[in-house]
Novice: 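Dropping a structure here in structure tokens format, bear with me for questions.
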Amino acid sequence: MRVLITGGAGFIGSHLAEALLSRGDEVLILDDLSTGSLENIRHLKNVPKLNYWIDSVMNKSLLAELVDECDLVVHLAAAVGVRLIVESPVRTIETNIKGTELVLEAARKKKKMVFIASTSEVYGKSTHFPFREEDDLVLGSTDKGRWSYAASKALDEFLALAYWKERQLPVVIARFFNTIGPRQTGQYGMVVPNFVRQALEGKPITVFGTGKQSRCFCYVGDTVAGVLKLLDAPESIGQVFNIGSSEEISIEDLAMLIKTKLNSDSPITYVPYDQAYEAGFEDMPRRVPSTAKIERHIGWYRSTSLDTTIDLIAEYFKQRQKPLPYSFTAKPQTSYPQLENTDAVA
Ligand code: UDP
């Protein structure tokens with residue numbers, strides 16, 4: 001199969017590209033490097049079944065050409081990270097809404113299946129735990145920037161489901177819950193890479209708010225395995241699935257766990273939300289997925305503990321870009337015309 005990954009040089013996209021290549025699929029990556037990085041795919045540059053284009057999904061003619069060349073589109077290109085969302089709301093809304101609209105429209109013209117990456121943010125302030133796919137979404141007011149991300153992703157879901165119902169475009173939607181692992185950068189606010197780097201560098205570990213808020217962190221390899229299984233199951237079409245872990249931890253305990261595991265002397269400091277983000281910032285006190293639907297549907301369970309995942313992330317930061325042990329067993333080339341790489345990896 002030939003798979004187009006928008007955002008394929010990003011954190012999740014690069015892991016998905018590896019997993020697809022390792023099972024013999026061809027991968028086309030379209031990424032504008034706004035939050036992704038060539039570093040993430042540098043170790044794949046000699047794999048013959050990988051081609052990549054450094055460009056935006058907003059480049060309609062290139063998008064149309066790549067959609068035409070592939071069998072399936074995995075749309076991961078999006079504005080991510082709470083810090084980025086709070087600081088650049090226009091970019092967030094435009095990237096998420098326009099980008100998805102263009103991808104769905106290009107896929108409809110060529111009748112290609114589309115996977116849409118959504119987020120646990122869409123559940124917003126709901127207190128109905130664990131979050132089930134059919135639950136109501138509870139978002140905050142429009143003057144609080146963070147909710148623009150949830151609203152834009154919810155609109156992406158509505159649009160994708162509308163394309164399926166009204167125009168028979170096969171779509172699959174997954175809501176990722178706090179995916180973590182090697183190659184995730186703390187630059188856009190994500191807590192685990194920030195804490196691991198702070199602990200390794202002996203700098204203060206910055207817990208925002210009281211630290212009593214909790215999350216369930218899921219290893220990226222498990223998330224990617226869930227995506228692949230969903231794509232292989234025809235009955236996933238037209239449906240929404242949570243992908244996440246049910247191992248819940250408070251941010252305060254996470255800070256302590258990382259500090260202890262890494263034998264760090266870093267102090268743990270508490271930073272008020274209005275200093276960390278902006279005045280009036282609203283955080284979610286808890287976020288827990290129900291994974292009953294995906295377990296029932298495709299037998300997916302997350303299998304990597306938080307403990308193990310923190311080890312992998314710490315190892316990554318210690319030895320930047322050590323390739324993960326995927327094997328690229330070559331399969332016969334298909335008869336598709338090969339597109340040229342547009343840029344050489346430096
Ligand atoms: N957080 C923190 N310190 C950091 C970054 C984040 O305490 O350096 C907190 C953040 O306020 C939130 C949680 O960690 O309560 C998870 O943040 P992240 O941005 O990773 O994901 P979110 O669940 O908010 O999308």
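Starting from 1, each residue takes its place in the sequence as its number. Order of listing sets the numbers, starting from 1, for every ligand and every atom in it.
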Novice: Any salt bridge (charged side-chain N to carboxylate O under 4.0 Å, His left out) pairs touching residues 150-165, not counting sequence neighbours?
Specialist: Lys153-Asp156, Glu157-Arg175

Novice: Taking Lys49 first and then Asp25, would you say they form a salt bridge - that is, a charged N and a carboxylate O separated by under 4.0 Å?
Specialist: no

Novice: Between Tyr163 and Arg108, is there a cation-pi geometry (under 6.0 Å to ring centre, at most 45° from the normal)?
Specialist: no

Novice: Under the salt bridge (Lys or Arg N to Asp or Glu O under 4.0 Å) test against Arg146, which residue among Glu121, Glu282, Glu87 passes?
Specialist: Glu121

Novice: Could you please provide the protein residues found below 4.0 Å of ligand 1 on a heavy-atom basis, arranged by chain and number?
Specialist: Val82, Glu121, Arg146, Asn178, Gly189, Met190, Val191, Asn194, Phe195, Thr206, Val207, Phe208, Gln213, Arg215, Ile251, Tyr273, Tyr277, Asp283, Arg287

Novice: Measure up the Phe281 and Tyr277 rings against each other and bin them: parallel (under 30°), tilted (30 to 60°), perpendicular (over 60°).
Specialist: parallel

Novice: Applying the side chain to side chain contact (heavy atoms under 4.5 Å, CB included) test to Tyr219, which of Ile180, Thr308, Leu312 qualifies?
Specialist: Leu312

